Amino acid sequence: MYRTHSCGELRAAHSNTEVTLAGWVQGVRDKGFMIYIDLRDRYGITQLYFDEERTSKDIMEKAQKLGREFVVQAKGTVVERASKNPNIPTGDIEVLVSELNILNTSLVPPFTIEDNTDGGDDLRMKYRYLDIRRNPVKESLIFRHKVAQAVRNYLSGEGFIEVETPYLIKSTPEGARDFVVPSRMNEGQFYALPQSPQTFKQLLMVGGMDKYFQIVKCFRDEDLRADRQPEFTQIDCEMAFVEQEDILNTFEGLTRHLIKEINGVEVEKFPRMLYDDAMRLYGNDKPDIRFGMEFGELNEVAQHKDFNVFNSAELVVGIAVPGGNSYTRKEIDKLIDWVKRPQIGALGMVYCRCNEDGTYKSSVDKFYDQDDLAKWAEVTGANKGDLICVLSGETNKVRAQLSALRMELAERLGLRKADEFAPLWVMDFPLLEWDEETERYHAMHHPFTSPKPGQLELLDTKPGEVKANAYDLVLNGNEIGGGSIRIHDKPTQAIMLKHLGFSEEEARAQFGFLIDAFEYGAPPHGGIAFGLDRLVAILGGQETIRDFIAFPKNNSGRDVMIDAPAPIDEDQLDELNLKLNLKS
Ligand code: ASP
């Protein structure tokens, strides 16, 4: 037996018992005649104690040789400490060591393995196994386990069955590029890794599984924006014989359960917001509603004066920044520079101070009098002491810009509190989305999403206006889940694919298996998938998902620890009948 107890277990009540511990040397304090060692394992830290009077000479010498991160086994007696350490759970005791075995040595680690480390991101990723020894990372992984466990328990309790679906499949249309895997046995052919198990879970519904879930890896080859991973985990779910309302209730139940179970917070019924309203009020389909600062559209009150910038704009829209009138001129100039950065892309920003005496002072006083500005305040909900920030231009762009400004200001004002949970459903997304680059419509969710009842005909005349039976679950400004009621009959699926620009042959080649299945009694069905990494990060009060993933990839999609991706040798290429045609 390597150990009788863990390093987090011993208390004063264990005094005088003989114990054996095993773990890593976190630190050594050598005072010559006395040596103290902090011994660490997953469960905590226990102080080992050696003294000249009671410890044999050879063990003293062995202890003196120990370095950081050596792996040792120590036998000894639990002793109540004279001076206790209230900062650690084992702080009342120490172990007077009578036997010491060095199980393994260690090089000096490249960064300190403590809560606050001196290691930069890259170094920590390269030596991720050392990083995982640190409490913050270790705790994050344990936290993730707890969330996953709570998900499994809840969904199992609701009658869901976890079914595994294959990873070596054919392209799934979730809007990203596929990662592909060459097939050795089928010359010139490739598998695609699933962007999600979408088609399989629908086939499970055709197969009569009724309620499916899976905690599953998904793979999307996208240019990695900050805090995205090329492989990530979904809680993927599907139900048969359901309407949208059933799905919303079921997964609102799951989310509420998680927030209660993990964070101890009770959340009221989730508000629901139409996609169009989310865009109008927050400029964003995943609004953070922990705070107000809703958009006020100012076209009616700000256009038709002599200010051409506004007159020529498709949308003039503002927000009221609480207490913003206290900003100095310099601070406001900085804010204007902030919205003009290329990442945000605004051409400028008009502002209006709401003075405490009820008067207004704007950057465009030449064109607007006090009555005009009072209307701005009314529309944006600005109070005395606030600052109104106004952007103008093309609707979609301006909304995105003002949304970014709203989030930035809320962050600065401390309105995005990690311990507050503000979930909401955003519903009735457009079915199709115009893609400027390819000049055609794409499915906004995916091609299996059903249009709202009675809207199928609109596809021919006003495709951009058709709404879908699609919904997103948003938490604190993040999309944590999204899903839809699916098409479950062949004719509708054919119409949808036609509108997405698939010829009949293409549709058959890519989705024939699903369309065929629809001809064998496919039940009405729908589902949702949650991004587990993000959900865990938010429940854990963090915005970055990396620390909740044991072995994450960097922004270039590399695993710097194992150094992947990497070239493969000629033989392997040969076996796969592949030849490289490298451009650089
Ligand atoms: N497969 C979808 C996705 O990954 C989720 C769903 O529609 O259930 O976003």
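All heavy atoms count here, side chains included; hydrogens, waters and symmetry mates do not. All residue numbers refer to positions in the sequence shown, counting from 1. This is a predicted model, so every value here is computed, not measured.
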Which pair of heavy atoms, one from [X] and one from [Y], lies closest together, and at what distance?
X	Y	result
V242	I485	O-CD1, 4.0 Å
V163	M209	CG2-CE, 4.1 Å
F421	L539	CE2-CD2, 4.0 Å
G393	V398	N-CG2, 3.1 Å
L66	V25	CD1-CG2, 4.2 Å
E222	A176	CG-CB, 3.5 Å

Backbone N/O of [Y] and side chain of [X]: donor-acceptor pair under 3.5 Å:
X	Y	value
D559	A564	no
H525	P523	yes
S140	P136	yes
N478	N476	yes
T492	D489	no
K138	R42	yes
E261	L258	no
Q214	C237	no
Q198	E174	no
D118	T112	yes

Is the shortest heavy-atom distance from the side chain of [X] to the side chain of [Y] under 4.5 Å?
X	Y	answer
R3	D41	yes
T199	Q510	no
V466	L432	no
F251	L254	yes
W434	E439	yes
L424	P287	yes
Q234	L532	no
R508	E505	no

Should the heavy atoms of other residues, nucleotides or ligands under 6.0 Å from [atom1] of [X] be counted, would the total exceed 12?
X	atom1	answer
E519	CD	yes
E187	CD	no
R177	CZ	no
K452	NZ	yes
D569	CG	yes
K553	NZ	yes
L107	CG	no
E394	CD	yes

Mind telling me whether [Y] and [X] have parallel, tilted or perpendicular rings, with 30° and 60° as the class edges?
X	Y	answer
Y129	Y127	perpendicular
F502	F511	perpendicular
F429	Y275	tilted

Starting at [atom1] of [X], measure out to [atom2] of [Y] and round the result to the nearest 0.5 Å.
X	Y	atom1	atom2	result
L274	M279	CG	CE	13.0 Å
K217	T233	NZ	OG1	5.0 Å
K397	I344	NZ	CD1	14.0 Å
H488	R486	NE2	CZ	13.0 Å
I549	L141	CD1	CG	9.5 Å
Q244	S450	CD	OG	8.5 Å

| Does the pair L248 and R272 meet the rule for a side-chain contact (heavy atoms from CB on, under 4.5 Å), with working shown? | CA-CA 10 Å; L248 300 190; R272 296 177 181 187; 3.6 Å; yes
| query | Looking only at side chains, do Y282 and D288 share a donor and an acceptor under 3.5 Å apart? | reply | no
| request: Using distance alone, with no hydrogens and no angle criterion, decide if S171 and D178 have a side-chain donor and acceptor under 3.5 Å apart. | output: yes
| request: Determine, stepwise, if the pair D574 / K579 fulfils salt bridge (charged side-chain N to carboxylate O under 4.0 Å, His left out). | output: CA-CA 8 Å; D574 228 35; K579 249 195 174 42; 5.9 Å; no
Any salt bridge between [X] and [Y], counting N to O under 4.0 Å?
X	Y	result
R416	E411	yes
R134	D115	no
D563	K126	no

| Do E238 and L204 pass the side-chain contact (heavy atoms from CB on, under 4.5 Å) test, and can you show the C-alpha distance, the side-chain angles, and the key distance before you say yes or no? | CA-CA 9 Å; E238 196 77 4; L204 285 170; over 6 Å; no
| query | Can a cation-pi geometry be assigned to K211 and F160, taking NZ or CZ under 6.0 Å from the six-membered ring centre and within 45° of the ring axis? | reply | yes
| request: State yes or no: are the ring centers of Y167 and Y191 separated by less than 6.0 Å? | output: no
| Among R546, R144, R228, which one satisfies side chain to side chain donor-acceptor pair (under 3.5 Å) with D533? | R144
| field | Intermediate values then yes/no, side-chain contact (heavy atoms from CB on, under 4.5 Å), L514 and F448 | value | CA-CA 10 Å; L514 186 68; F448 315 115; 3.5 Å; yes
| said: Among E69, E114, E139, which residue satisfies the salt bridge (charged side-chain N to carboxylate O under 4.0 Å, His left out) criterion with R133? | reply: E69
| Working for side-chain hydrogen bond (donor to acceptor under 3.5 Å, both in side chains), residues N153 and S156 | CA-CA 5 Å; N153 287 341; S156 299; 5.8 Å; no
| message | Checking L431 against M496 for the side-chain contact (heavy atoms from CB on, under 4.5 Å) test, could you report, in this order, the C-alpha distance in whole Å, the side-chain angles of both residues, the deciding distance, and whether it holds? | response | CA-CA 10 Å; L431 185 69; M496 182 67 184; 3.7 Å; yes
